[in-house]
Protein chains: 2
Amino acid sequence: MSKFKGAERPVLDAEEVVVPCCPPLTAGELTPRDAERMAVMFKALSDPVRLRLFSKIASHPGGEACVCDIQDVGVSQPTVSHHLKKLREAGLLTSERRGTWVYYQVAPSVVAAMSAMLDLRSVAEGR
Amino acid sequence: MSKFKGAERPVLDAEEVVVPCCPPLTAGELTPRDAERMAVMFKALSDPVRLRLFSKIASHPGGEACVCDIQDVGVSQPTVSHHLKKLREAGLLTSERRGTWVYYQVAPSVVAAMSAMLDLRSVAEGR
DNA sequence: CCGCTGTTTCGATCACTGTCTATATAGGGA
DNA sequence: TCCCTATATAGACAGTGATCGAAACAGCGG
């Protein structure tokens with residue numbers, strides 16, 4: 001399936017490695033291309049385990065966490081690694097090895113969009 | 001799809017049929033339950049065809065559209081129907097038959113959250 | 001150099017999902 | 001009534017994806 005590291009994406013070119021992107025959905029009809037890009041991002045977040053991993057990292061002080069800190073989500077450790085890889089490939093996380101441990105961070109460009117997206121209830125409901 | 005395939009409801013009770021929900025992700029660690037709920041919503045939006053269908057409906061005047069108006073997305077008619085059903089099951093769309101035609105609307109409760117979510121760039125980037 | 005711990009990759013399995021064709025259902029005319 | 005259009009369902013198939021145990025890889029300390 002994959003012989004390469006973090007950089008291989010079928011439908012998308014290397015540069016546009018899925019980012020917070022997102023042309024407003026209600027504002028107009030999506031182009032097939034934009035739909036592809038958004039779908040990749042949503043797909044990365046469409047798994048409960050990945051959502052929990054993401055939220056654990058995002059809510060950690062400094063927006064980063066060691067794998068060892070977050071791997072208690074009810075699946076085996078290799079599976080955790082697998083999901084983290086998916087989130088990385090989708091451009092939602094970045095990772096960095098420091099000594100023995102690997103730290104995952106919420107990708108910088110995602111922070112703004114994401115934090116707004118998840119707090120948007122205040123916007124949506126006028127609270 | 002079938003009517004019963006290891007139970008229609010995954011982990012959700014009938015009432016909480018996936019709604020705009022969404023506890024802020026960066027604010028704290030998601031509970032397994034919340035993660036399940038969010039995942040269902042994201043999963044519904046994780047397919048390019050569904051995103052295009054949704055955006056076509058959402059951007060139509062009145063937030064509703066006849067199937068006949070939106071079925072040009074490059075797949076067969078039954079496949080369109082299949083995707084619309086999925087969006088309906090996820091609570092993102094509602095449907096209504098009027099005479100020969102079936103009209104799909106963006107689910108009311110979703111409108112606010114969704115429009116904010118997709119316009120949130122203005123929020124996130126301070127524009 | 002060796003072993004220990006933390007993390008990723010490999011290979012297999014099994015469930016799920018997107019797509020199709022064929023068929024069924026619903027409503028509106030002639 | 002019979003037929004035509006619009007939409008939904010059924011069944012089949014291929015591709016994808018979540019998961020696991022085992023094995024490989026990477027630093028660290030003895």
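The chains referred to below are lettered A, B, ... by the order of the sequence lines, with proteins before strands, and numbering in each begins at 1. What you see is a predicted model, and the numbers here were worked out from it, not measured in a lab.
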ask   = In residues 75-83 of chain A, which residues come under 4.0 Å of DNA chain D by heavy atom?
value = A:V75, A:S76, A:P78, A:T79, A:H82, A:H83

ask   = Of all of residues 61-71 of chain A, which get a heavy atom below 4.0 angstrom from DNA chain C, listed by number?
value = A:C66, A:V67, A:C68, A:Q71

query = Pick from A:T94, A:V67, A:L53: which one makes a side chain to side chain contact (heavy atoms under 4.5 Å, CB included) with A:Y104?
reply = A:V67

query = To the nearest angstrom, how far is B:F42 atom CZ from C:dT17 atom P?
reply = 17 Å

remark   = In whole angstroms, the gap separating P of C:dG28 from CH2 of B:W101 amounts to 8 Å

ask   = What's the verdict on side-chain contact (heavy atoms from CB on, under 4.5 Å) for B:V75 and B:H82, showing C-alpha distance, side-chain angles and the deciding distance?
value = CA-CA 11 Å; B:V75 295; B:H82 166 76; over 6 Å; no

request  = Report the distance from atom NZ of B:K85 to atom P of C:dT17, rounded to the nearest whole Å.
outcome  = 13 Å

key: Contact check, side chains of B:S95 and B:R88, non-hydrogen atoms, under 4.5 Å   = yes

query = So, B:S59 and A:E29: side-chain donor and acceptor under 3.5 Å apart, yes or no?
reply = no

query = Looking at A:Y103, is A:R98 sitting on its ring face, NZ or CZ under 6.0 Å from the six-membered ring centre and within 45 degrees of the normal?
reply = yes

request  = Provide, to the nearest angstrom, the distance between the CG atom belonging to B:D47 and the P atom belonging to D:dG17.
outcome  = 11 Å

task = Run through B:L45, B:V106, B:V40, B:I57 and flag the one making a side chain to side chain contact (heavy atoms under 4.5 Å, CB included) with B:L92.
result = B:L45

query = Got a second to check how far B:R50's CZ is from B:K43's NZ, nearest 0.5 Å?
reply = 9.5 Å

task = Rounded off to whole Å, could you give me the CD-to-C1' distance for the A:E36 and C:dG18 pair?
result = 13 Å

ask   = What's the shortest heavy-atom distance between A:L51 and B:M38, and which atoms?
value = CD1-CB, 3.6 Å

request  = Using a 4.0 Å heavy-atom cut-off across all strands, classify B:R98 as base, sugar-phosphate, or nothing.
outcome  = nothing

request  = Would you indicate, yes or no, if C:dG6 has its OP1 or OP2 atom less than 4.0 angstrom from a side-chain nitrogen or oxygen of A:R97?
outcome  = no

query = Going only through I, L, V, M, F, W and Y residues with side-chain contacts under 4.5 Å, is there a path from A:W101 to A:L93?
reply = no

request  = Starting from C1' on D:dT9, measure out to CG on B:L84 and report it in whole angstrom.
outcome  = 14 Å

ask   = Between D:dA8 atom P and B:E96 atom CD, what is the distance in whole Å?
value = 13 Å

ask   = So does B:K86 get a side-chain nitrogen or oxygen closer than 4.0 Å to the phosphate oxygens (OP1/OP2) of C:dG18?
value = yes

ask   = Base, sugar-phosphate, or nothing: which does B:Y104 touch, judged by heavy atoms less than 4.0 Å apart?
value = sugar-phosphate

Nearest-Å distance for atom pair CG/P, residues B:L45 and C:dT17 = 15 Å

